[in-house]
Student: 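Pasting in a structure now, in structure tokens, and then I'll have a few things to ask.
Note that ligands are numbered from 1 as they come in the structure, with each ligand's atoms numbered from 1 the same way.
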Amino acid sequence: MLFWLGFYLFFFLLSTYIGYQKGNLVAGILLGYVLGPVGVICMYFSKDRKHMICQHCHSSIHIQSYFCPQCKTKQLYVA
Ligand SMILES: [Zn+2]
């Protein structure tokens, strides 16, 4: 019983964390709470609202950054 509780809590926290990282905290909490491990997978493949891919070097950078920290090229935000 305690094992399953810890197991479930682990996925709940993991989903919350992924949600937080992606700027989608509420969805992370809800999916982790309702679906557990499945929610984590859903969150993992969900759209990242906090980061974007640099057009030049393809590294993940913050959505509001003006210059890429990796290759120093100017970023044009395309929604
Ligand atoms: Zn870059």
Student: If every non-hydrogen atom of Asp48 is compared with every non-hydrogen atom of Gln21, which pair is closest and at what distance?
Tutor: OD1-O, 4.3 Å
Student: Donor-acceptor pair, distance only, cut-off 3.5 Å: does the side chain of Lys22 make one with the backbone of His51?
Tutor: no
Student: Please check if Ile18 and Leu9 belong to a single hydrophobic cluster, counting links between Ile, Leu, Val, Met, Phe, Trp and Tyr side chain heavy atoms closer than 4.5 Å.
Tutor: yes
Student: Taking the Zn ion (ligand 1) as the center, what protein N, O or S atoms are found at less than 2.8 Å?
Tutor: Cys54 SG, Cys57 SG, Cys68 SG, Cys71 SG
Student: If you link ILVMFWY side chains whenever their heavy atoms are less than 4.5 Å apart, which other residues fall into the same cluster as Tyr66? By chain and number, please.
Tutor: Phe67
Student: Can you list every ring-ring contact (aromatic ring centres under 6.0 Å, His included) pair that touches residues 11-41, not counting sequence neighbours?
Tutor: Phe7-Phe11
Student: Suppose clustering is done on Ile, Leu, Val, Met, Phe, Trp and Tyr with side-chain heavy atoms closer than 4.5 Å. Which residues sit in the same group as Ile53?
Tutor: none
